[in-house]
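Just so it is clear, the model here is predicted, and its values are computed rather than measured.
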Amino acid sequence: MSDQSTFDTDVWTLTRFITETGRQAKGATGELTQLINAMLTAIKAISSAVRKAGLAHLQGMAGSVNVTGDDVKKLDVLSNDLVINMLQASYSTCCMVSEENKELIVTPKEKRGKYVVCFDPLDGSSNIDCLASIGTIFAIYKRVSAEEPTEKDALQPGKNIVCAGYALYGSATLVALSTGAGLNFFMLDPAIGEFILTERNVKIKPKGKIYSLNEGYAKYFHPSINEYLKHKKYPE
């Protein structure tokens with residue numbers, strides 16, 4: 001008989017976590033919880049597509065370029081459609097901004113809610129051919145317009161973000177999520193199709209031994225930043 005002593009019968013899933021968090025928030029209506037759950041559904045679908053990309057012939061170019069000048073992969077297009085459709089179907093968004101779309105994505109009137117979502121559906125997809133990690137990035141704001149949604153709803157300062165996170169598709173699928181009260185990590189358990197809480201209140205160490213950033217555009221950095229990096233790479 002198999003040993004089930006390590007099976008958690010009171011597991012904290014991401015769905016449970018955001019439901020509990022939502023209940024504690026003053027004036028909560030459940031709309032944000034609904035929206036996050038829709039994003040999680042899209043992330044699960046993208047995770048599945050990424051793992052089957054080679055077999056399903058989803059790695060090739062789709063024949064267009066996104067707004068930041070990157071050649072669009074088929075997976076980018078699929079992921080973008082998944083996120084847009086899932087979020088609009090949640091009845092929680094009024095508009096969205098995607099790295100793959102040049103214009104603001106306005107939710108149909110009959111499906112509108114009070115939130116704005118800015119996202120990159122599949123960041124780093126050009127790395128998938130060499131099996132490097134790729135991910136989904138998103139931030140959620142409350143709308144500020146009273147009538148039709150405008151770009152002003154999305155062009156808000158970071159301090160107005162009500163929820164932000166990312167999904168990382170690697171050897172496992174991880175979601176990092178914050179609603180303003182600390183950062184928490186969740187890992188997708190394929191056996192039950194749920195994200196399981198693995199680390200609470202994650203913080204960067206006050207001091208470390210390495211630094212990591214993309215220096216491909218270092219020539220455009222402010223001189224003070226380059227001076228700081230030089231000091232880190234060649235300490236006196």
Output side-chain donor-acceptor pairs under 3.5 Å for residues 186-208, partner residues at least two apart or in another chain, one line each.
{"from": "Asp189", "atom 1": "OD1", "to": "Ala191", "atom 2": "N", "distance (Å)": "2.9"}
{"from": "Thr198", "atom 1": "OG1", "to": "Phe185", "atom 2": "O", "distance (Å)": "3.2"}

Same cluster or not: are Phe17 and Leu35 linked, directly or through other Ile, Leu, Val, Met, Phe, Trp or Tyr residues, by side-chain heavy atoms under 4.5 angstrom apart?
yes

Trace of the side-chain contact (heavy atoms from CB on, under 4.5 Å) decision for Arg51 with Thr173:
CA-CA 10 Å; Arg51 294 184 185 286; Thr173 299; 3.4 Å; yes

Do Trp12 and Leu40 sit in the same hydrophobic cluster, where Ile, Leu, Val, Met, Phe, Trp and Tyr count as joined when their side-chain heavy atoms come under 4.5 Å apart?
yes

Donor-acceptor pair, distance only, cut-off 3.5 Å: does the side chain of Thr33 make one with the backbone of Thr19?
no

Which residues share a side chain to side chain contact (heavy atoms under 4.5 Å, CB included) with Ile105, sequence neighbours left out
Ile84, Gln88, Met96, Ser98, Asn101

Spell out, yes or no, whether Val97 and Leu32 are grouped together once hydrophobic residues are joined by side-chain heavy atoms under 4.5 Å, including indirect joins.
no

Verify, without hydrogens or angle tests, whether Ser47 (side chain) and Ile43 (backbone) share a donor-acceptor contact under 3.5 angstrom.
no

Kindly give the heavy-atom pair with the smallest separation between Arg143 and Pro149, and that separation in Å.
NH2-N, 3.8 Å

Starting from Leu82, can I reach Leu14 by hopping between I/L/V/M/F/W/Y residues whose side chains sit under 4.5 Å apart?
yes

Can you sort out the partners of Ser79 under side-chain hydrogen bond (donor to acceptor under 3.5 Å, both in side chains), two or more places apart, ordered by chain and number?
none

With side chains defined as the heavy atoms from C-beta onward, is the minimum distance between Leu122 and Leu78 less than 4.5 Å?
no

Under 3.5 Å donor-acceptor, Glu31 side chain and Gly113 backbone
no

For the side chain of Ser178 and the backbone of Gly180, is there at least one donor-acceptor N/O pair under 3.5 Å apart?
yes

Is there a side-chain contact (heavy atoms from CB on, under 4.5 Å) between Glu99 and Ile137? Walk through the geometry before answering.
CA-CA 10 Å; Glu99 195 208 19; Ile137 311 166; over 6 Å; no

Shortest non-hydrogen contact from Val162 toward Lys142
CG1-CG, 4.4 Å

Considering all heavy atoms of both residues, which atom of Met86 and which atom of Thr41 are nearest to each other, and what is their separation?
SD-CG2, 3.7 Å

Looking at Glu147, I'd like to know if its CD atom is crowded, meaning that more than 12 non-hydrogen atoms belonging to other residues, nucleotides or ligands lie closer than 6.0 Å.
no

Sequence neighbours excluded, which residues qualify as side-chain hydrogen bond (donor to acceptor under 3.5 Å, both in side chains) partners of Glu151?
none

Listed by chain and number, what are the side chain to side chain contact (heavy atoms under 4.5 Å, CB included) partners of Tyr228, not counting sequence neighbours?
Lys232

Given side chains that start at C-beta, do those of Val77 and Asp81 come closer than 4.5 Å, heavy atoms only?
yes

Got a sec, which residues hit side chain to side chain contact (heavy atoms under 4.5 Å, CB included) with Lys159, two or more places apart in sequence or on another chain?
Pro157

If the condition is side-chain hydrogen bond (donor to acceptor under 3.5 Å, both in side chains), which residues does Gln156 pass it with, not counting sequence neighbours?
Asn160

Going by the rule salt bridge (charged side-chain N to carboxylate O under 4.0 Å, His left out), which residues pair with Arg112 if we only count those two or more places apart in sequence or in a different chain?
Glu148

Run Asn184 and Leu177 through side-chain contact (heavy atoms from CB on, under 4.5 Å) and show every step you take.
CA-CA 6 Å; Asn184 300 284; Leu177 187 77; 5.8 Å; no

Taken to the nearest 0.5 Å, the spacing of Asn85 CG from Asn80 CG works out to 9.0 Å

Side-chain donor-acceptor contacts of residues 217-227 below 3.5 Å, not counting sequence neighbours, with atom names and distances?
{"from": "His222", "atom 1": "ND1", "to": "Ser224", "atom 2": "N", "distance (Å)": "3.0"}
{"from": "His222", "atom 1": "ND1", "to": "Ser224", "atom 2": "OG", "distance (Å)": "2.7"}
{"from": "Asn226", "atom 1": "ND2", "to": "Ala218", "atom 2": "O", "distance (Å)": "3.1"}

Contacts of Thr13 meeting side-chain hydrogen bond (donor to acceptor under 3.5 Å, both in side chains) (sequence neighbours excluded), chain-then-number -> none

Look at the side chain of Asn37 and the backbone N and O of Gln34, then say whether any donor-acceptor pair between them is shorter than 3.5 Å.
no

Check side chain to side chain contact (heavy atoms under 4.5 Å, CB included) between Thr136 and all other residues, then give those that pass, not counting sequence neighbours.
Ile46, Ala167, Tyr169

Under a single-linkage definition using a 4.5 Å side-chain heavy-atom cutoff for Ile, Leu, Val, Met, Phe, Trp and Tyr, are Phe119 and Leu104 assigned to the same hydrophobic cluster?
no

Got a sec, which hydrophobics cluster with Ile161, joining ILVMFWY side chains under 4.5 Å apart, including via others?
Val116, Tyr141

Work out which heavy atom in Thr107 is nearest to a heavy atom in Cys95; give both atom names and the distance.
OG1-N, 3.9 Å

